[in-house]
Participant: 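What follows is a structure written as structure tokens; I'll ask about it next.
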Number of protein chains: 2
Amino acid sequence: MAHKTREQLIEVGLQRIHAAGYGATGVNEILQLADIPKGSFYHHFPSKEAFAEAVLERYGAGEKARWERLLGDKSIAPLKRLRLYFEDLMATYGRTGPISGCLLGNMALEVADHSDKLQPVLQGTFSAWNEAIAEVLREAVAKGELDHSAKPKELAAFLLNNWEGALIRSKVERSDQPLELFLHFTFKALLKK
Amino acid sequence: MAHKTREQLIEVGLQRIHAAGYGATGVNEILQLADIPKGSFYHHFPSKEAFAEAVLERYGAGEKARWERLLGDKSIAPLKRLRLYFEDLMATYGRTGPISGCLLGNMALEVADHSDKLQPVLQGTFSAWNEAIAEVLREAVAKGELDHSAKPKELAAFLLNNWEGALIRSKVERSDQPLELFLHFTFKALLKK
DNA sequence: ATATGAGTAGACCAGTCTGTCTAGTGATTC
DNA sequence: GAATCACTAGACAGACTGGTCTACTCATAT
């Protein structure tokens, strides 16, 4: 299988880069874990940076699947859906979950300033994410769950920033508490009609 | 002067680590920029990690000075003070400023998980910061600028997370707009009686 | 005068980094 | 059955990593 090697590299790379960071993860480390020789790596990817791009896209695709699954279920009220979505994120990326933190946020701080190749990928993924949440908020406004004066796009950006910030703090505190605080404030105070 | 060398190392280190990150900044690089030989570095600091601790403490001290200066001026109304404070932060750490991003947030994502030595320093600095903001919010409650039901400590944490998230997004977008959005939402919507 | 010790100086070490190079494999195509 | 091509394989290169080591300077204390 031609593509299996490539897939496995991305798989292992995603896991390692998410856990340890882009800079801290060496190509050799990935190679060793995947039991794949170096020649294969540089056959499939021109550089580590290009590899990271593929990893980022893989991550983005996975997250897109998540939000489509959880935010797309129109049988549930919009704000309820949104809360379930963030609860799912919390279970997945909180400190009790298998991997902690958001790869997007992590990579953003590490490379967005310095890599002109990765920055647009990050930007695009954030954008799509923002839009998905804005869409739910629009529904919430339409159904009267939010005031008509609410600006879905801006509010969605505010929520995302908030989530990313809470992840940082939860890393520092080594606790899920900041994430719980995020949920609480967001749904008890911010998203009130 | 015995301490000048040490001071200069911290100075240069702070600047480089803030700009490029902890992992991406080599000891040799700092040495070269400061024009100081390696022997001195390892005389003053047992390791790169210990050096980073000193850098972090220096950064924390600088930030403490900032918030004491801007948040301590009781001649200005509490929420007005808070806004001025965040505007100052934005001018300093926004993309138009000389250095972008918050060293605390950057390092948090990079090392909080992996360094047991740096994590408590990060935690302590965040804590102190949180408390300083909570104090202003308490004043705001006392003066009737905020509802009595507001929880200063939690609200302060929420604001900080928000700010850090906005900084991430502003890095990704390569624009100050997310920071402006933060200011707008925070003071027009969140901190309303 | 001499001893002590903080601090300077930089060569050096072992290991790691990303990336290159050549050689070879194995399946498909003409 | 020969040529071609995607892919595997891993030795190797050259730069760079954090950290060590020994030699040295120089101010102070006795």
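The chains referred to below are lettered A, B, ... by the order of the sequence lines, with proteins before strands, and numbering in each begins at 1.
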Participant: Rounded to whole Å, how long is the line connecting atom CZ of F41(B) with atom C1' of dA9(C)?
Facilitator: 16 Å

Participant: Tell me whether the side-chain N/O atoms of Y42(B) come closer than 4.0 Å to OP1 or OP2 in dT20(D).
Facilitator: no

Participant: Between W129(A) and W67(A), what is the ring plane arrangement, given parallel below 30°, perpendicular above 60°, and tilted in between?
Facilitator: parallel

Participant: Please tell me if H43(A) has a side-chain N or O lying less than 4.0 Å from either OP1 or OP2 of dT8(D).
Facilitator: no

Participant: Mind running a 4.0 Å heavy-atom check of residues 14-32 of chain A against DNA chain C and sending the residues that fall below it, in number order?
Facilitator: T25(A), G26(A), V27(A), N28(A)

Participant: Looking at K38(B) and dG19(D), is any side-chain donor or acceptor paired with a base atom of the opposite kind under 3.5 Å?
Facilitator: yes

Participant: Please table the atom pairs, donor to acceptor, closer than 3.5 Å between any side-chain atom in residues 55-65 of chain A and protein atoms at least two apart or in another chain.
Facilitator:
from: R58(A); atom 1: NH1; to: E11(A); atom 2: OE1; distance (Å): 2.8
from: R58(A); atom 1: NH2; to: E7(A); atom 2: OE1; distance (Å): 2.4
from: Y59(A); atom 1: OH; to: L103(A); atom 2: N; distance (Å): 3.4
from: E63(A); atom 1: OE1; to: R66(A); atom 2: NE; distance (Å): 3.0
from: E63(A); atom 1: OE2; to: R66(A); atom 2: NH2; distance (Å): 3.1
from: E63(A); atom 1: OE2; to: Y93(A); atom 2: OH; distance (Å): 2.4

Participant: When you check the phosphate oxygens OP1 and OP2 of dG18(D), does a side-chain N or O of S47(B) lie under 4.0 Å from one of them?
Facilitator: no

Participant: Provide the full list of salt bridge (charged side-chain N to carboxylate O under 4.0 Å, His left out) pairs with a residue in residues 177-186 of chain A, sequence neighbours left out, each pair given once.
Facilitator: none

Participant: For E139(A), what residues pass the salt bridge (Lys or Arg N to Asp or Glu O under 4.0 Å) criterion, not counting sequence neighbours?
Facilitator: K74(A), R81(A)

Participant: Please name all residues satisfying salt bridge (Lys or Arg N to Asp or Glu O under 4.0 Å) with D113(B), sequence neighbours left out, ordered by chain then number.
Facilitator: R95(A), K171(A)

Participant: Report the distance from atom CZ of F45(B) to atom C1' of dG7(C), rounded to the nearest whole Å.
Facilitator: 13 Å

Participant: Is the distance from OP1 or OP2 of dA6(D) to the nearest side-chain N or O of H44(A) less than 4.0 Å?
Facilitator: no

Participant: Considering only dG18(D), dT18(C), dT8(C), which nucleotide approaches the side chain of K48(A) most closely?
Facilitator: dT18(C)

Participant: Just grab all the salt bridge (charged side-chain N to carboxylate O under 4.0 Å, His left out) pairs involving residues 23-40 of chain A, residues at least two apart or on different chains.
Facilitator: R16(A)-E29(A)

